Number of protein chains: 2
Amino acid sequence: MSTTRGARARAREEVTAAIKDEARRQLAAEGAAKLSLRAVARELGMVSSALYRYFPSRDDLLTALIIDAYDSIGKAAEQADAALLKKAAKSADSKAGAIAPVRRWVTVSEAVRAWALAHPHEYALIYGSPVPGYTAPMTTVPAASRIGLLFFGIVRDAYQGRGIAEPPLPEELRPEAERLGADLAPDLPPAVVAALVAAWAQLFGLIGFELFGQFNRVVEDRATFFTHAATQLAHGVGLVLPRE
Amino acid sequence: MSTTRGARARAREEVTAAIKDEARRQLAAEGAAKLSLRAVARELGMVSSALYRYFPSRDDLLTALIIDAYDSIGKAAEQADAALLKKAAKSADSKAGAIAPVRRWVTVSEAVRAWALAHPHEYALIYGSPVPGYTAPMTTVPAASRIGLLFFGIVRDAYQGRGIAEPPLPEELRPEAERLGADLAPDLPPAVVAALVAAWAQLFGLIGFELFGQFNRVVEDRATFFTHAATQLAHGVGLVLPRE
DNA sequence: CGGTTGCGAGAGCACTGCTCTCGCTTGAGA
DNA sequence: TCTCAAGCGAGAGCAGTGCTCTCGCAACCG
């Protein structure tokens with residue numbers, strides 16, 4: 001087991017976690033630009049050079065935080081979906097145990113937005129402009145995919161259930177849509193996959209504009225506005241209206 | 001006139017412009033994070049402290065670059081629209097001199113995307129995460145509004161021309177949509193204004209995802225993909241299909 | 001012409017990421 | 001059980017940063 005892996009290895013994990021925690025604190029407080037290795041070390045009562053035993057550079061620390069942030073937002077989205085499904089399974093208002101796909105889509109979208117509003121600097125880290133000399137390492141890919149996969153799951157369930165209204169697909173886009181479909185979801189119509197990818201990006205456009213201040217002095221009731229826009233996006237990928 | 005305003009004032013403007021030019025060069029080459037006042041001064045053959053006669057802080061220099069970037073992207077979008085209108089006015093394939101609103105919308109969208117691809121770091125500066133301790137000054141507002149105003153102009157022309165297909169507006173969103181409409185475009189139906197604002201944000205979501213690497217290993221033929229998505233956004237705000 | 005003002009140069013402060021060396025401690029193999 | 005390499009923290013140090021302050025020189029205005 002991992003408990004008997006020696007005190008050394010355990011201490012290393014604890015220190016690594018403490019560094020990440022303190023770094024995350026500074027990130028949340030001041031933003032990625034002001035995250036300072038020396039300040040983290042100072043707060044932890046160690047000297048700055050010791051920190052390099054755990055992270056070879058500041059960018060590596062940031063990369064670790066990026067992966068954690070992707071995991072955190074992905075987990076929040078998945079939990080919102082699971083809670084909705086669980087609630088629907090218990091209550092009697094669900095027909096044959098199936099919940100309206102649009103409602104799942106909107107619920108997950110709102111969970112993503114809520115996480116972003118609660119962790120603005122971490123959101124900026126993963127969905128804003130790449131911070132350092134960038135080139136996000138391959139390591140981040142699986143964690144970054146979780147939200148996309150979740151949306152694919154919702155659309156797939158709808159497709160295999162009551163079916164979806166296939167969006168239009170102009171001839172020029174067909175090759176790319178088929179390539180996308182083959183790569184991401186061979187069981188779904190290419191038009192749906194293409195529309196889903198577009199909706200995915202557009203969703204984060206809405207969140208980014210709200211978070212980064214583009215909606216200041218423009219949109220006031222942002223929650224309602226977002227819910228409506230997310231609903232429209234769901235319709236755009238072919239999810240039909242809820243019956244309720 | 002401004003030419004006789006004294007050699008002093010003229011020299012000041014020249015130096016200010018030279019600083020911004022060099023700063024923009026470094027921004028384009030390395031990104032906002034690596035923009036260094038000292039490096040700018042060094043490149044210009046002056047000492048770093050002299051630079052503070054022109055910009056009171058690094059953030060003020062960045063703010064100046066932000067305003068310039070907003071103006072630049074806004075100008076690019078306006079020119080693309082003007083060129084399209086001019087071309088249509090000359091050629092005979094336009095009915096009554098009116099060009100399909102969808103085509104204007106898509107052309108402007110593509111111009112915005114092209115500017116973003118050509119100036120990724122400047123785009124990140126204005127539409128990515130706010131860089132320093134942020135709080136974008138009021139000064140940037142007018143320059144930032146140009147693209148939004150342009151889209152409003154396109155929709156307004158369509159509305160006053162052959163009309164537009166009013167998007168759905170659920171009851172919950174009505175108050176916010178009416179507030180938006182009163183603020184931004186009292187002559188347009190509130191449902192259209194709300195849809196336009198959402199489409200505006202979603203458009204930049206598409207561009208941001210492409211630019212910041214979220215589409216890596218996902219979307220290949222990004223130009224075609226974007227054109228289709230932009231077209232769908234135009235439909236979403238009620239612009240009808242082109243007849244051609 | 002004299003005095004105010006704008007401006008460049010230089011030194012300096014506090015901070016950053018990062019490297020290197022020096023000892024102490026730990027833990028696995030002989 | 002002893003040994004010795006590996007892991008680790010401390011400290012000094014380098015090159016770079018944003019920014020401040022003071023000092024002279026030059027240009028401009030009355």
Side-chain angles (χ1 to χ4, degrees), chain A residues 1-20 22-23 25-27 29-66 125 130-135, chain B residues 1-20 22-23 25-27 29-66 125 130-135:
Chain A
M1 291 306 235
S2 62
T3 60
T4 61
R5 216 174 342 125
R8 201 128 204 183
R10 210 160 52 236
R12 184 168 229 289
E13 281 182 14
E14 276 173 26
V15 175
T16 306
I19 292 171
K20 284 207 290 187
E22 176 58 31
R25 264 203 52 249
Q26 294 194 14
L27 175 65
E30 299 270 17
K34 299 209 171 175
L35 199 172
S36 149
L37 277 190
R38 292 181 110 109
V40 170
R42 209 179 302 133
E43 210 68 26
L44 260 51
M46 42 173 34
V47 87
S48 75
S49 61
L51 216 144
Y52 285 82
R53 302 277 179 194
Y54 300 89
F55 295 93
S57 80
R58 199 193 99 116
D59 286 4
D60 290 87
L61 214 195
L62 271 180
T63 301
L65 293 182
I66 286 173
L125 198 60
V131 189
Y134 73 161
T135 53
Chain B
M1 293 307 239
S2 61
T3 60
T4 61
R5 218 174 339 127
R8 201 124 205 188
R10 209 161 52 236
R12 187 168 227 289
E13 280 183 15
E14 276 174 25
V15 175
T16 305
I19 292 171
K20 284 208 290 187
E22 176 58 30
R25 264 202 53 250
Q26 294 195 13
L27 175 65
E30 299 270 18
K34 300 208 171 176
L35 199 173
S36 149
L37 278 190
R38 292 181 111 110
V40 171
R42 209 179 302 134
E43 211 67 27
L44 261 51
M46 43 174 31
V47 86
S48 74
S49 61
L51 217 145
Y52 286 82
R53 301 277 179 197
Y54 300 89
F55 295 94
S57 80
R58 199 194 98 117
D59 286 5
D60 289 88
L61 215 195
L62 270 180
T63 301
L65 293 183
I66 287 173
L125 198 60
V131 190
Y134 74 161
T135 53

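Just so it is clear: chains get the letters A, B, ... in the order the sequence lines come, proteins before strands, and each one is counted from 1. Here the structure is a predicted model, which means the values were calculated and not measured.
Following rounding to the nearest Å, A:Asp59 (CG) and C:dC18 (C1') show an atom-to-atom distance of 12 Å. Atom C1' of nucleotide C:dG17 and atom CG of A:Asp60 are separated by 13 Å, given to the nearest angstrom. What separates CD of A:Glu30 from P of C:dT16 is a distance of 12 Å, to the nearest Å. Here D:dA27 presents its P atom at 16 Å from CZ of B:Arg53, a figure rounded to the nearest Å. Computed from coordinates, the B:Glu13 CD to C:dC7 P distance equals 12 Å when rounded to whole Å. In this structure, the CG atom of B:Leu51 is 18 Å from the P atom of C:dG6, given to the nearest Å. One can place NZ of B:Lys34 at 18 Å from P of C:dT16, the figure rounded to the nearest angstrom. Computed from coordinates, the A:Leu44 CG to D:dG9 P distance equals 11 Å when rounded to whole Å.
Look at A:Arg42 and you'll find a side-chain N or O under 4.0 angstrom from OP1 or OP2 of C:dT16. Applying the 4.0 Å criterion to OP1 and OP2 of C:dG10, one finds that B:Ser49 has every side-chain N and O outside that range. At D:dG7, none of the side-chain N or O atoms of A:Arg12 fall inside 4.0 Å of OP1 or OP2 (strictly under the cut-off).
The residue A:Leu35 sits close only to the backbone: its heavy atoms come under 4.0 Å of sugar-phosphate atoms, none of a base. Residue contacts for A:Tyr54: at a heavy-atom cut-off of 4.0 Å it reaches the sugar-phosphate backbone alone, with no base atom in range. A:Ser57 comes within 4.0 angstrom of the backbone, heavy atoms only, and of no base.
Heavy-atom distances to DNA chain C give each of A:Arg38 and B:Met46 a nearest nucleotide, and the one nearer the 5′ end belongs to B:Met46.
The listed nucleotides are D:dG9, C:dG8, C:dG17; the one nearest the side chain of A:Leu37 is C:dG17. Distance from the side chain of B:Ser36 is smallest for D:dT17 among the nucleotides C:dC7, D:dT17, C:dT19. Of the listed nucleotides (C:dG8, C:dC18, D:dT17), C:dC18 has the atom at the smallest distance from the side chain of A:Arg58.
Scanning all heavy atoms of the two residues, the minimum distance from A:Lys34 to A:Gln26 falls at O-OE1, 4.4 Å.
Using a distance-only test at 3.5 Å, with no hydrogens or angles considered, no donor-acceptor pair links the side chain of B:Arg53 to the main chain of B:Arg12.
The CD1 atom of B:Ile19 lies 7.0 Å from the CG atom of B:Leu61; values are rounded to the nearest 0.5 Å. One finds the CG atom of B:Leu65 at 7.5 Å from the NZ atom of B:Lys20 (value rounded to the nearest 0.5 Å).
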Please step through salt bridge (Lys or Arg N to Asp or Glu O under 4.0 Å) for the pair A:Glu22 and A:Arg25, ending with a clear verdict.
CA-CA 5 Å; A:Glu22 176 58 31; A:Arg25 264 203 52 249; 2.8 Å; yes
